[in-house]
Visitor: 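Take a look at the following structure, please.
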Amino acid sequence: MICKHFGTCGSCGLYEKSYAQQLEYKQEKASALLAPFYSGSPEVFDSPDSHYRARAEFRIWHEGERCDYAMGNIEKNGAVTIEECPKVIEPIQKRMWRLLERINASSGVLKNRLFAVEFLATTTDECLITMLYHRKLDEAWREEARILEQELGARILGRSRKQKMVLSEEFVTEELQIDGKPFRYVQYESGFTQPNPAVNVKMIEWAIRQAKKVGQGDFLESYCGLGNFTLPLSHYFERVLATEISKRSIQAALQNCALNHIENITFARLASEEMTEALQGKREFNRLQGIDLKSYDFSTVLVDPPRAGLDEGTIALISGIEHIIYISCNPETLARDLETLTQTHEVIEAAIYDQFPHTDHVESGVFLKKK
Ligand SMILES: C[S@@+](CC[C@H](N)C(=O)[O-])C[C@H]1O[C@@H](n2cnc3c(N)ncnc32)[C@H](O)[C@@H]1O
């Protein structure tokens with residue numbers, strides 16, 4: 001990928017290396033952190049080099065009457081206005097510049113005190129655009145935004161302090177081909193979504209490969225989000241219990257389960273720490289009413305925590321389960337958690353997925369089996 005803002009825009013830091021060199025660098029970094037626990041070389045899953053991000057957020061820079069998109073600068077002490085962003089997928093690319101033209105041409109209703117624009121798009125060409133303002137939105141804004149929705153073939157949502165104006169829908173529906181089968185996912189703007197759909201598919205297929213090695217028993221998942229892994233992996237287990245802290249994500253997960261006609265999953269809104277307390281019988285939750293936790297026989301657990309990694313209770317809980325699939329967006333906390341997990345388990349497979357090309361971020365996965 002070539003971008004005229006390499007070296008000034010802070011969102012791509014690895015621009016001096018070719019894409020092949022970036023992958024090599026990430027593989028070395030992940031291998032070094034995993035070396036105490038895994039002697040093999042992690043399998044590497046690459047990304048398209050450009051047009052890979054289905055989620056992007058831009059600040060709006062006002063200069064006189066004009067607005068521009070802006071990103072934090074590379075020195076992290078200011079902003080840089082941008083004229084291109086080749087990392088966004090085509091459904092964003094084709095709408096974002098037209099949107100800017102319309103904002104600049106508007107009388108002010110769309111422009112005044114607009115401070116950021118977020119895009120959430122799908123490979124099926126749906127796009128949700130969230131416009132964030134430092135002013136209360138009114139009917140005049142709604143009317144202009146409605147026209148914009150038609151012109152851009154997109155869904156528009158307005159946000160300001162304590163206000164959310166939804167014009168049509170506040171979600172998009174992605175369709176991913178996973179091992180040749182279609183899975184449909186409703187994605188809300190306020191819930192977590194994997195940013196790179198092409199790499200996400202590779203990541204799910206890698207997890208399926210591990211699940212197939214088990215091929216029996218029940219499946220436990222924590223940090224399940226909107227059911228990204230849960231739905232495809234559910235086919236390889238008897239019953240599934242999947243938990244997640246975000247109300248919005250659990251709502252999406254339930255919708256996604258129905259959308260894909262899957263009937264063996266129970267979703268519950270629980271923090272990972274709460275799930276541990278519930279499964280260890282230490283605490284009861286109204287949110288688990290009607291679910292017989294004792295009836296599950298978990299052969300496999302999948303965890304995909306935020307950057308902070310796992311809490312002690314969750315580590316203790318999953319240490320009792322035969323197979324662990326650990327997806328991580330932070331190799332440092334993964335390595336920390338493996339210190340404990342490898343006392344009971346051994347790492348059988350490891351992989352890195354390049355969710356974030358041209359940045360330092362490394363997403364990785366390990367499959368562990370009880371010793
Ligand atoms: C890295 S995302 C992964 C989501 C999902 N596995 C996916 O692939 O889309 C982490 C998820 O953990 C959730 N989360 C954050 N803290 C949590 C906690 N303490 N307990 C349970 N879920 C939590 C977030 O809401 C988010 O959905």
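Here the structure is a predicted model, which is why all the values come from computation and not from measurement. Both ligands and their constituent atoms are indexed starting at 1 by order of listing. Residues take their numbers from the sequence shown, with the count starting at 1.
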Visitor: Should we count CD of Glu312 as having more than 12 external heavy atoms under 6.0 Å?
Guide: no
Visitor: Which residue is it: Glu126, Arg155, Glu189? I am looking for the one with a side chain to side chain contact (heavy atoms under 4.5 Å, CB included) to Phe171.
Guide: Arg155
Visitor: Name each N or O atom in ligand 1 that is under 3.5 Å from a protein N or O, and give the partner atom and the distance.
Guide:
| from | atom 1 | to | atom 2 | distance (Å) |
| --- | --- | --- | --- | --- |
| ligand 1 | 6 (N) | Tyr223 | O | 3.0 |
| ligand 1 | 6 (N) | Asp304 | OD2 | 2.8 |
| ligand 1 | 8 (O) | Gln194 | NE2 | 2.8 |
| ligand 1 | 8 (O) | Asn228 | ND2 | 2.9 |
| ligand 1 | 8 (O) | Asp304 | OD2 | 3.3 |
| ligand 1 | 19 (N) | Glu273 | OE1 | 3.3 |
| ligand 1 | 20 (N) | Ser272 | N | 2.7 |
| ligand 1 | 22 (N) | Ile245 | N | 3.3 |
| ligand 1 | 25 (O) | Glu244 | OE2 | 2.6 |
| ligand 1 | 27 (O) | Glu244 | OE1 | 2.8 |
| ligand 1 | 27 (O) | Glu244 | OE2 | 3.3 |

Visitor: Inspect the surroundings of CD in Glu284 and state if more than 12 heavy atoms from other residues, nucleotides or ligands are less than 6.0 Å away.
Guide: no
Visitor: Is the ring pair His358/Tyr52 parallel, tilted or perpendicular, if the boundaries are 30 and 60 degrees?
Guide: tilted
Visitor: So, His134 versus Phe115, ring centres under 6.0 angstrom or not?
Guide: yes
Visitor: Testing the 3.5 Å rule here: is there a donor-acceptor pair between the side chains of Tyr133 and Trp141?
Guide: yes
